[in-house]
Participant: 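Handing you a structure now.
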2 protein chains.
Amino acid sequence: MDESTRAKRQRQRVTADEVARVLGVSQSTISRAFTATASISEEMRTRVMTTAAELGYQPNVIARSLMTRRTNIVAIVLPNLTDPFYAVVLDELTQRLQPRGCQTLLFVPTPGQEVDEILPTLLQYQVDGIIITSATVSSAMARACAKRETPVVLLNRYVPGLEIHAVSCDNVAGGRQMAEFLLGQHHRRPAFVAGQLGASTSMDRQSGFVSRLQDDGVECVIEQGGDHTYQAGFDAALRLMRRSDPPDAIFFTSDIMAFGGMDALRSNGFIIPDHVSIAGFNGVPLAGWAAYDLTTIRHPFSQMADAALELLGFGDAEVTQSPTTRLIHGTLMDRGSTMSRSPERTRVRG
Amino acid sequence: MDESTRAKRQRQRVTADEVARVLGVSQSTISRAFTATASISEEMRTRVMTTAAELGYQPNVIARSLMTRRTNIVAIVLPNLTDPFYAVVLDELTQRLQPRGCQTLLFVPTPGQEVDEILPTLLQYQVDGIIITSATVSSAMARACAKRETPVVLLNRYVPGLEIHAVSCDNVAGGRQMAEFLLGQHHRRPAFVAGQLGASTSMDRQSGFVSRLQDDGVECVIEQGGDHTYQAGFDAALRLMRRSDPPDAIFFTSDIMAFGGMDALRSNGFIIPDHVSIAGFNGVPLAGWAAYDLTTIRHPFSQMADAALELLGFGDAEVTQSPTTRLIHGTLMDRGSTMSRSPERTRVRG
DNA sequence: TTGTCGGATGCATTCGCATGCAGTTGACGC
DNA sequence: GCGTCAACTGCATGCGAATGCATCCGACAA
């Protein structure tokens, strides 16, 4: 049964040998016809191509990879697809890879699964490069990849001591920008909603935000959001506004949390931005839509994708062997979810 | 230079032969240790595993695939990632594939690129299955895949005559459901915003919607939206409401178009649902958020993903050779973007 | 005419692993 | 003590294509 199936497949599957036999040439010639740089006459190449098309022959990329040691596959690791931020990142990356003849192999670790666990699986596929978003790897794993000469890029995360490429928005600067902006609008009771504990992106945004506020002597309430989800933002916003001293501005560490927060507040009778200003971070398309019109720090998505691919060695520049960190500044999008408080009344009540 | 690089790699890359030499056994033994069903003593297996771990050996999936003819890769074709609908679909599929040891190879045709063009590329990767969303393939391509015994499933699309598996929400029924619902709310001037011309999903929804309305003698305005984008919905909504006879309900063929429409109307002073009811189709998470609170037909995402994988042969059931079409009913989510019109006044003016 | 050279092609090997088949070993029954 | 059998292991080969090397051929210069 199994053997007969295999036999049948062998008969059906068209290989380079088949084409060669039909044309009365060697298998090498077929191979050369499909290799741009190979030495072969134009006439022979067209003959091969014609016959190949007739027989339905397509080179087997798997077999080719075995020799060339290139799979033309880049692995991308994302924590989830439901956050539009990752959808945008994936979109940007894929759109750049495909024109270069590269395909995207997707890995979505299940919650609680460490990236370190899935990296071995991923390396087994002999991918030409790995892009890891919003997570980090152990230095042991980084070394394992380096040993195999598989380039790895952390996207949206960087670890100072780690010997690994990294591309990230400058989160500290982004936090500072937002603080500066909110201070300029005369907010005096800002709050920050953090994401997962230990997520450096969130911590950096927080530290930039808080330190800039402190420069002006402004205190900041820190609310632990939990994870980067709509629901977490929803809950955090309500907790904040039910305090005896509610904030006049809430800066969420992530757009999707801000969306949850805005929906929670509006559903509970708060008017945004009259009662409280709301700001986010990421700059996903949805943040610009009228329904939210969210002030946020927009990631330089294109630049980040370009930089990531360049560090992977897909750019025009020479491959940099030494681990490089690229910090790129985001752009503050001043939208309708925030408004200036008049200096004399620091709190507006509805 | 290039040769020395290769030589270095060969030295560095750990193969089964290396492990075998260190242990003083044959390469077959290494292979067997990594094959669950192979005949090998438990003691030897642990010895191999230990040494493999020490040397950092990982089986090369590419080489294995050459023999086993299984890559454990499923290709998924999506038109774009920016529509949350596809993000959800991709999420559901990936979450089911990974536990089965399967990885997802992503293909996003550039606008204007036919699926038929990229299928050959995709087949070169010797994927174990192909899932194509919201597009169809020529019957010639379907035959080419069948010949290679690569199962293909169309998701969210089906073509009656085509010899190919298909899983789709019952769009005609969905259209009828929505018509029934809006009629029950006493709407008398409904409009339908279509998507791309020739997209069967949109046409089916339209025909179901229109035919059910006609059953009650209700006319329907058809507005061509263009593509399935936020902007297309935005523009279409404005065109409709600027007519001399504006509708009292707008049914968009896609949630993302409805979002655009709602934002357009709200930005122009319309109150939803007081001035006009809005409905969508797909049931993406965002539709349930307070900002839109959109009445829509929710796709049975889980069931569709299950069905697709089953037809690919990843289910428990026997593989069905004959092309099967699974039509699954969606669920109408009755939300705040629609409201009942009192029978006596069929139009409300703001 | 002969030597040389470059382009085109074939041959043989290789990539890393899986697997059919044969060979080895030990346990067990008679 | 010997045959039988099962469990395990090694050998050799094959998967499909890329590529170094040798070969062949025609063109061209000497």
Side-chain angles (χ1 to χ4, degrees), chain A residues 2-21 23-48 52 55-72 123-126 148, chain B residues 2-21 23-48 52 55-72 123-126 148:
Chain A
D2 193 45
E3 293 172 39
S4 74
T5 304
R6 168 136 349 120
K8 205 171 60 183
R9 279 199 188 167
Q10 285 181 2
R11 252 182 282 124
Q12 294 197 344
R13 196 150 263 159
V14 189
T15 71
D17 271 313
E18 295 252 337
V19 183
R21 204 173 328 127
L23 277 170
V25 298
S26 76
Q27 174 262 320
S28 322
T29 302
I30 312 303
S31 168
R32 292 195 175 102
F34 282 89
T35 309
T37 59
S39 160
I40 185 174
S41 68
E42 245 348 280
E43 184 218 340
M44 179 61 90
R45 174 167 274 148
T46 43
R47 280 181 60 206
V48 170
L55 299 181
Y57 168 74
Q58 288 281 118
N60 182 326
V61 178
I62 298 296
R64 165 182 293 168
S65 302
L66 206 54
M67 278 297 288
T68 61
R69 297 170 169 288
R70 294 207 88 230
T71 50
N72 288 322
L123 285 173
Q124 291 186 350
Y125 279 90
Q126 317 294 118
R148 299 181 56 133
Chain B
D2 191 44
E3 295 172 37
S4 74
T5 304
R6 171 138 345 124
K8 207 171 58 184
R9 279 200 188 166
Q10 285 181 3
R11 252 183 281 123
Q12 293 195 345
R13 197 148 261 161
V14 189
T15 71
D17 271 313
E18 294 253 335
V19 183
R21 205 174 325 128
L23 277 171
V25 299
S26 77
Q27 174 262 318
S28 322
T29 302
I30 312 303
S31 168
R32 293 195 174 102
F34 282 89
T35 309
T37 58
S39 160
I40 186 174
S41 69
E42 244 349 278
E43 185 217 340
M44 179 61 91
R45 175 167 274 151
T46 43
R47 281 181 59 205
V48 171
L55 299 180
Y57 168 73
Q58 288 281 117
N60 182 326
V61 177
I62 298 297
R64 165 180 292 168
S65 302
L66 208 52
M67 278 297 290
T68 61
R69 297 168 170 289
R70 294 208 88 230
T71 50
N72 287 323
L123 285 172
Q124 289 185 351
Y125 279 89
Q126 318 293 120
R148 300 182 54 134

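Just so we're on the same page: letters track the sequence lines, and every chain starts at 1.
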Participant: State whether the side chain of A/Thr68 and the backbone N or O of A/Arg64 hold a donor-acceptor pair below 3.5 Å, judged by distance alone.
Facilitator: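 Yes, A/Thr68 side chain to A/Arg64 backbone: donor-acceptor pair under 3.5 Å.
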Participant: Measure CZ/A/Phe34 against C1'/D/dA18 and give the value in whole Å, please.
Facilitator: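 Distance, rounded to whole Å: 14 Å.
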Participant: A/Leu23 has an atom CG; how far is it from atom C1' of C/dT9, in whole Å?
Facilitator: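 After rounding, the reported distance stands at 13 Å.
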Participant: Between the side chains of A/Gln126 and A/Arg148, does any donor sit under 3.5 Å from an acceptor?
Facilitator: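 Yes, because at least one side-chain N or O of A/Gln126 sits under 3.5 Å from a partner of the opposite role on A/Arg148.
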Participant: Please identify each residue that fulfils side chain to side chain donor-acceptor pair (under 3.5 Å) with A/Gln58, with sequence neighbours left out.
Facilitator: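 A/Gln58: no side chain to side chain donor-acceptor pair (under 3.5 Å) contacts found.
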Participant: Rounding to a whole Å, what distance do you find between B/Leu123:CG and D/dG16:C1'?
Facilitator: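 Distance, rounded to whole Å: 16 Å.
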Participant: For C/dG16 and A/Arg69 - does any side-chain N or O of the residue sit under 4.0 Å from the phosphate oxygens OP1/OP2?
Facilitator: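 For C/dG16, OP1/OP2 do have a side-chain N/O of A/Arg69 under 4.0 Å.
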Participant: What distance separates B/Thr71 OG1 from A/Ile62 CD1, expressed to the nearest 0.5 Å?
Facilitator: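 Output value for this atom pair is 6.0 Å.
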Participant: Does D/dA18 have its OP1 or OP2 closer than 4.0 Å to a side-chain nitrogen or oxygen of A/Ser31?
Facilitator: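 So the side chain of A/Ser31 is within the cut-off, an N or O lying under 4.0 Å from OP1 or OP2 of D/dA18.
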Participant: Please give, in whole Å, the distance from D/dA17 C1' to A/Asn72 CG?
Facilitator: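 Checked: the CG to C1' distance equals 15 Å.
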Participant: Given atom CD of B/Gln124 and atom P of D/dG16, what is their separation to the nearest angstrom?
Facilitator: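 Going from CD in B/Gln124 over to P in D/dG16 covers 15 Å.
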Participant: List the protein contact pattern of nucleotides 5-11 of chain D with one symbol per nucleotide (5' to 3'): B for base contact, S for sugar-phosphate-only contact, - for none; contact means a heavy-atom distance under 4.0 Å.
Facilitator: ---BBBB
Participant: Quickly work out the A/Arg148 CZ to C/dG16 P distance and round it to whole Å.
Facilitator: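 Going from A/Arg148 (CZ) to C/dG16 (P), I get 11 Å.
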Participant: Kindly compute the distance separating CD1 (B/Ile40) from CZ (B/Arg47), expressed to the nearest 0.5 Å.
Facilitator: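 One gets 10.0 Å once the value is rounded to the nearest 0.5 Å.
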Participant: Expressed in angstrom and rounded to an integer, what is the separation of A/Asp17 atom CG from C/dG10 atom P?
Facilitator: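 In whole Å, C/dG10 P lies 12 Å from A/Asp17 CG.
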Participant: Given atom CE of B/Met67 and atom C1' of C/dA18, what is their separation to the nearest angstrom?
Facilitator: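 Rounding to the nearest Å, CE of B/Met67 and C1' of C/dA18 are 4 Å apart.
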Participant: Can a donor-acceptor pair be found, under 3.5 Å and without considering hydrogens, that links the side chain of A/Thr15 to the backbone of A/Asp17?
Facilitator: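 Yes, because the side chain of A/Thr15 sits within donor-acceptor range (under 3.5 Å) of the backbone of A/Asp17.
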